[in-house]
2 protein chains.
Amino acid sequence: MESNTPIRRKITLSDIAAGCGVSRATVSLVLRGSPLVNRKTRARVEEELRRQGYVYNRMAANLRRRTSSGIALVLNELANPFFAEFAAGVDEVVGEAGFVTLLGCTNESPAREQAVLGSLIEHGPAGIILSPAEHSDASQVLAAVGAQTPLLLFNRELGGSLPEFAHWDRLTLDNQHGTRLATEHLIARGHRRIAFFGGHRDSSSCRQRHAGYAEAMQAAGLPIEPHWQVECAPTRLAAAAQTPALFAAAPAPTAAVCYNDAVALGLVLGLNQRGLHPGRDFALTGFDDIAEAQLSAPPLTTLAAAPRARGRQAAELLLQRLREPQAEPRHTIVPVQLVIRESSCAPSDRS
Amino acid sequence: MESNTPIRRKITLSDIAAGCGVSRATVSLVLRGSPLVNRKTRARVEEELRRQGYVYNRMAANLRRRTSSGIALVLNELANPFFAEFAAGVDEVVGEAGFVTLLGCTNESPAREQAVLGSLIEHGPAGIILSPAEHSDASQVLAAVGAQTPLLLFNRELGGSLPEFAHWDRLTLDNQHGTRLATEHLIARGHRRIAFFGGHRDSSSCRQRHAGYAEAMQAAGLPIEPHWQVECAPTRLAAAAQTPALFAAAPAPTAAVCYNDAVALGLVLGLNQRGLHPGRDFALTGFDDIAEAQLSAPPLTTLAAAPRARGRQAAELLLQRLREPQAEPRHTIVPVQLVIRESSCAPSDRS
DNA sequence: CTCCAGATTTGGATCGTTCTAAATCAGGCA
DNA sequence: TGCCTGATTTAGAACGATCCAAATCTGGAG
């Protein structure tokens, strides 16, 4: 099969330089928008760039500059809409800044995380945004990425202790304050017997969310029964299955603060199976405000984390760090917003 | 702030070569697993690589080989769970093959697509997987990526005509057959007045899906009223807002084949707002089988496209192409499966 | 004129691999 | 021993931009 376009050799800086009688160095300066070059020269060079159809070869530049113009984005789970939105936000800002996003997906496996980080680091990314897999360990991550590449931790804490010379930035949600708001909201609606439902207590985010709940209950002088604190995997299925545990003993709760939206949606299922009408007989709140939250029946009162905005923010924090490599490590805790919908009804006669 | 780890110069091939008394070339061969090197030598070099903690510098390799080990993945929309799953599938296979995914997100804007492609191409990706933005034009895309880099088109056709020398592979869903199945299913359930709802008619996938619907209606001898064909952006919000258009004139439809799941979920909202009970008073089907489809109220009858599998498939097709650059361009059409759930009820008295 | 400062421009080395062609080595055979 | 063959190894030139220090240019002051 013959191609009918001439396979012309790639145009390089030298071609442009030769084409308009200046040196490679000058062309390079023009390309990078340096103020050093004369107006007249710049115009001439730019014209020649257009004329020859030059395309910049970032691979060459990367080699010389010893760092690529890529930002590695390593996620524990891309299929989750929360992280998909997050990724979209990251990519927006990364792209605007002239970088490119190197994607890696670990599927919650620390082993895969090691492999992915190892592979990405070979490309010399300018920085890394990492949402760790469950049970991912700080020293392992450090071993994989080295101490030179700036890294921003998103969403979760790492297990193990962080060697003090790896000054990583962090961006996490204000989990504790969020569930505190949710709990206070339920209390304000008139609930007195409120459960905390779902999640695994050995995950940092679950501990924080539980703390916010406990704090609000305590502040209101409300007791917490042991069987109101039910752990389960943060999935719909597990949550539905664990629902009976809430009602295993008297007094039964009239409301529940759930670990996240997935758990809350599972609880909705579980309540329906018991013949309870969530949003009328039983109040509940979620966390994350995933797209389904506003569409479920009943629409879910939840804490909005605005994942796309978080993605943009993560990228901006990392770019900031690239600009000031020596600045103190930052820990940014972003507030979450209580979105009140119909699932957080007042207590009913029935409950 | 002082770091307490020595900032040691990066280890290079030369360091390894020097460290065990062979030439750089030999070490390079070892790294690439060439069969040319002697067992004994290979072992010695590998030991030294470990000892010095060498990390491969792909930027240098990329420059020399004139193509990077990146696969560009350019998506019209990442927030849509369908594409998020697709991306996850692509990344799996790309990673397994030792490549890295370069992500780019166009948000349905051809202008942004140009920018994203332009930026990615500078990194010399080995190949490109592109799910075009709406109204994206073949010649524009060609201008941005050049004729040298293999490209796989996913999901949509490009506008304009494809210059014959750009032999691009394609992977698309069997849209027409899918909606035909859905429509036939609704007809079998007893519906006679069926609408086609959502999407923009100038997108190829929408045209194909509409064709499948029209085909089934015609085959069954059923008429189609003009106001049963409602266009809107393929988002929940737009679909909810356009719902009244379906009922703007008599006779009202009793069922709708929706452009995709997002639209169907929006229609669910819109119907609820009108006091109609989807899955009881009105039947509807979606397309894609995103995760929310089976959890919505009512669970959605839809066409499963298995996006993660499609992602894996897309990556495999592209890798195949890298292995055989001269092979004939392939157009792969993947069948979709009708998943019957509760949204596609029989017509009720009410409707 | 000559000199100087500031504005531009430039040659040449450099980044760390891969590639090519040629060199070297080991062992068998005459 | 000397030659030949196949198996290994290697020197050195790429790849294409960036960096640095030094060269050149300009125009105004003395």
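Worth knowing before you read on, the calculation uses all heavy atoms, side chains too, and leaves out hydrogens, waters and symmetry mates. Protein chains get the first letters and strands the later ones, always in sequence-line order, with residue 1 at the start of each.
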In plain terms, say whether [X] and [Y] are close enough for a salt bridge, that is, a side-chain N and a carboxylate O under 4.0 Å apart.
X	Y	result
R156(B)	E77(B)	no
R50(A)	E47(A)	yes
E96(B)	R312(B)	yes
E48(B)	R51(B)	yes
E316(B)	R330(B)	no

Exercise. Going by atom types alone, do N107(B) and S109(B) pair a side-chain donor with an acceptor below 3.5 Å?
Worked result: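 No pair is found: no donor N or O on one side chain lies under 3.5 Å from an acceptor on the other.
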For this session: Under 4.0 Å from any heavy atom of chain B: name the first and the last nucleotide of DNA chain C that qualifies, 5' to 3'.
Result: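 Listing 5' to 3', DNA chain C meets chain B from dG16(C) to dC19(C).
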For this session: Using a 4.5 Å cut-off on heavy atoms from C-beta on, say whether the side chain of L322(B) contacts that of P150(B).
Result: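 In short, these two side chains touch, coming nearer than 4.5 Å.
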Specify the separation, in whole Å, of atom [atom1] of [X] and atom [atom2] of [N].
X	N	atom1	atom2	result
L36(B)	dT9(D)	CG	C1'	10 Å
R65(A)	dC19(D)	CZ	P	6 Å
R64(A)	dT18(D)	CZ	C1'	5 Å
L63(A)	dC19(D)	CG	C1'	13 Å

Exercise. Quick one: side chain to side chain donor-acceptor pair (under 3.5 Å) pairs with a partner in residues 111-122 of chain B, sequence neighbours left out?
Worked result: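 Non-adjacent pairs meeting side chain to side chain donor-acceptor pair (under 3.5 Å): R58(A)-E122(B), E113(B)-S136(B).
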For this session: For dT9(D), take OP1 and OP2 only and decide whether either is under 4.0 Å from a side-chain N or O of T41(B).
Result: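 So the side chain of T41(B) is within the cut-off, an N or O lying under 4.0 Å from OP1 or OP2 of dT9(D).
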For this session: Look at R66(B) and dG16(D) and indicate whether a side-chain polar atom (N or O) is within less than 4.0 Å of OP1 or OP2.
Result: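 It does, given that an N or O in the side chain of R66(B) lies less than 4.0 Å from OP1 or OP2 of dG16(D).
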Problem set entry | Candidates dA17(D), dT9(D), dG16(D) - which lies nearest the side chain of L13(A) |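 Minimum distance to the L13(A) side chain belongs to dA17(D).
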For this session: Could you list the residues that satisfy ring-ring contact (aromatic ring centres under 6.0 Å, His included) with F154(B), not counting sequence neighbours?
Result: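 With neighbours one apart ignored, the set is F86(B).
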Provide a list of protein-nucleic acid N or O atom pairs under 3.5 angstrom, restricted to nucleotides 22-24 of chain D.
none

For this session: Mind listing the residues from residues 17-35 of chain A sitting with a heavy atom below 4.0 Å of DNA chain D? Number order is fine.
Result: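 R24(A), A25(A), S28(A), R32(A), in order of number.
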Exercise. Which pairs pass ring pair (Phe, Tyr, Trp, His ring centres under 6.0 Å) with one or both residues in residues 99-138 of chain A, sequence neighbours excluded?
Worked result: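 Qualifying pairs: none.
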Problem set entry | From I128(B) atom CD1 to T149(B) atom OG1, the distance as rounded to the nearest 0.5 Å |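 Between I128(B) CD1 and T149(B) OG1, I get 5.0 Å after rounding to 0.5 Å.
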